[in-house]
Enquirer: 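Dumping the structure here so I can ask a few things about it.
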Amino acid sequence: MWPTDADALVDRQRELATLTPAPWRPGVGALVSAGCWACFRRGVSGPGRAGDLAWGAAVLLEELRPVARRVAPGAARAGYVPGLLALRLGPLLSGLVGLLPRRPEVLLVDGTGRDHPRRAGLAVHLGAELDVPTVGVTHRPLLAEGGWPPDVRGATSPLLLDGDVVAAWVRTRAGTRPLVVHPGWRTDPDTAVAVVGRLAVRRTPEPLRAARQAAREARAAASLG
DNA sequence: GCGACAG
DNA sequence: ATCTTGTCGC
């Protein structure tokens, strides 16, 4: 289950960093993926706090086609603290993925993997809890460093932390900012980049786009009453 | 001590 | 995270 305080989460992250699960690779045929997302009330800025109202979503896809959606309101378990995102969102997101009609082959998460103070970001943690290979996607690195790749779709460049390649900048579209792709649970950098390239039609990979849209629709519906 | 810091 | 503004391209 999910740690409920920072000390317990840090302990769990240190444990996760020592695990070496078997690497996963996509099989032949249509890829069954999922994306999960959480959004908060509009107009509220800052790190927030425990109890913040949130809307979560998980969407299951066969290749690029959404086939199931789950949305639910929930409460953040903590304010946002860099390195402790799992404390805030872990239970909500894992619960929603667990409601999908089947387990995906790979789950895309809005968070880092090995680019983390203890090499165990939310993408790693969710994958371990759910026993699902994961790939993280963020707008920017948490700690890793590296220059942008050329402005060509498919171009990548490494992001390093303490001399290790822990993530990659990826141009999913020319003319826009690259995304950061993070290997998570049972994925390596090459596999993570390949999965994102396969699932990205627009800038944001379709599983995350679909989940973000579903979460925001749930928020909008709630605001109307 | 100070700043930086996924969402 | 979320918002606002401006700019570019179709």
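Residue numbers start from 1 in every chain, and the chains themselves are labelled A, B, ... in the order their sequence lines are given, proteins ahead of strands. Side chains included, hydrogens not; waters and symmetry mates left out as well; all remaining heavy atoms used.
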Enquirer: Can you tell me how far P of C/dC3 sits from CZ of A/Phe40, to the nearest Å?
Expert: 13 Å
Enquirer: I'd like to know if A/Glu217 pairs up with A/Arg69 as an ion pair, taking the criterion as any Lys NZ or Arg NE/NH1/NH2 lying under 4.0 Å from an Asp or Glu carboxylate oxygen.
Expert: no
Enquirer: Taking atom CZ as the centre, does A/Arg186 end up with more than 12 heavy-atom neighbours from other residues, nucleotides or ligands that are less than 6.0 angstrom away?
Expert: yes
Enquirer: Taking A/Arg88 for the side chain and A/Ala78 for the main chain, is one N or O donor matched with an acceptor at less than 3.5 Å?
Expert: yes
Enquirer: Look at A/Asp164 together with A/Arg119 and state whether they make a salt bridge at an N to O cut-off of under 4.0 Å.
Expert: yes
Enquirer: Rounding to a whole Å, what distance do you find between A/Arg42:CZ and C/dA1:P?
Expert: 13 Å
Enquirer: Rounded to whole angstrom units, what separation is found between the CZ atom of A/Arg77 and the P atom of C/dA1?
Expert: 21 Å
Enquirer: Is it true that, when you exclude A/Arg118 itself, more than 12 heavy atoms of the residues, nucleotides or ligands shown sit nearer than 6.0 Å to its CZ?
Expert: yes
Enquirer: Flag the pair A/Arg209 / A/Arg203 as yes when at least one side-chain heavy-atom distance between them is below 4.5 Å, and no otherwise.
Expert: no
Enquirer: Verify the contact: side-chain N or O of A/Arg41 to OP1 or OP2 of C/dT2, cut-off strictly under 4.0 Å; return yes or no.
Expert: no
Enquirer: Quick one: is A/Arg219 getting a side-chain N or O under 4.0 Å of the C/dT2 phosphate, OP1 or OP2?
Expert: yes
Enquirer: Quick one: does any side-chain atom of A/Thr134 pair with a main-chain N or O of A/Trp185 as donor and acceptor, under 3.5 Å?
Expert: yes
Enquirer: Please give, in whole Å, the distance from C/dG9 P to A/Arg173 CZ?
Expert: 13 Å
Enquirer: What is the distance, to the nearest angstrom, from the CG atom on A/Leu208 to the C1' atom on B/dG7?
Expert: 13 Å
Enquirer: Give the rounded distance in Å between these two atoms: CG of A/Leu87 and P of C/dA1.
Expert: 19 Å
Enquirer: Check nucleotides 4-6 of chain B against the protein and report each pair of N or O atoms closer than 3.5 Å, with its distance, or say if there are none.
Expert:
{"residue": "B/dA6", "atom": "OP1", "partner": "A/Arg140", "partner atom": "NE", "Å": "2.8"}
{"residue": "B/dA6", "atom": "OP1", "partner": "A/Arg140", "partner atom": "NH1", "Å": "2.8"}
{"residue": "B/dA6", "atom": "OP1", "partner": "A/Arg140", "partner atom": "NH2", "Å": "2.8"}
{"residue": "B/dA6", "atom": "OP2", "partner": "A/Tyr80", "partner atom": "OH", "Å": "3.1"}
{"residue": "B/dA6", "atom": "N7", "partner": "A/Gly83", "partner atom": "N", "Å": "3.0"}
{"residue": "B/dA6", "atom": "N6", "partner": "A/Gly83", "partner atom": "O", "Å": "3.3"}
{"residue": "B/dA6", "atom": "N6", "partner": "A/Leu84", "partner atom": "N", "Å": "3.4"}
{"residue": "B/dA6", "atom": "N6", "partner": "A/Leu85", "partner atom": "N", "Å": "3.2"}
{"residue": "B/dA6", "atom": "N1", "partner": "A/Leu122", "partner atom": "N", "Å": "3.0"}
{"residue": "B/dA6", "atom": "N3", "partner": "A/Thr112", "partner atom": "N", "Å": "2.9"}
{"residue": "B/dA6", "atom": "N3", "partner": "A/Thr112", "partner atom": "OG1", "Å": "3.2"}

Enquirer: Contact class for A/Gly46 (heavy atom, under 4.0 Å): base, sugar-phosphate, or nothing?
Expert: base
Enquirer: Within the structure shown, what part of the strands sits under 4.0 Å from A/Arg114 by heavy-atom distance: base, sugar-phosphate, or nothing?
Expert: nothing
Enquirer: Indicate whether OP1 or OP2 belonging to C/dA1 is found under 4.0 Å from a side-chain N or O atom of A/Arg88.
Expert: no
Enquirer: Quick one: A/Arg49 CZ to C/dA1 C1', roughly how many Å, whole number?
Expert: 17 Å
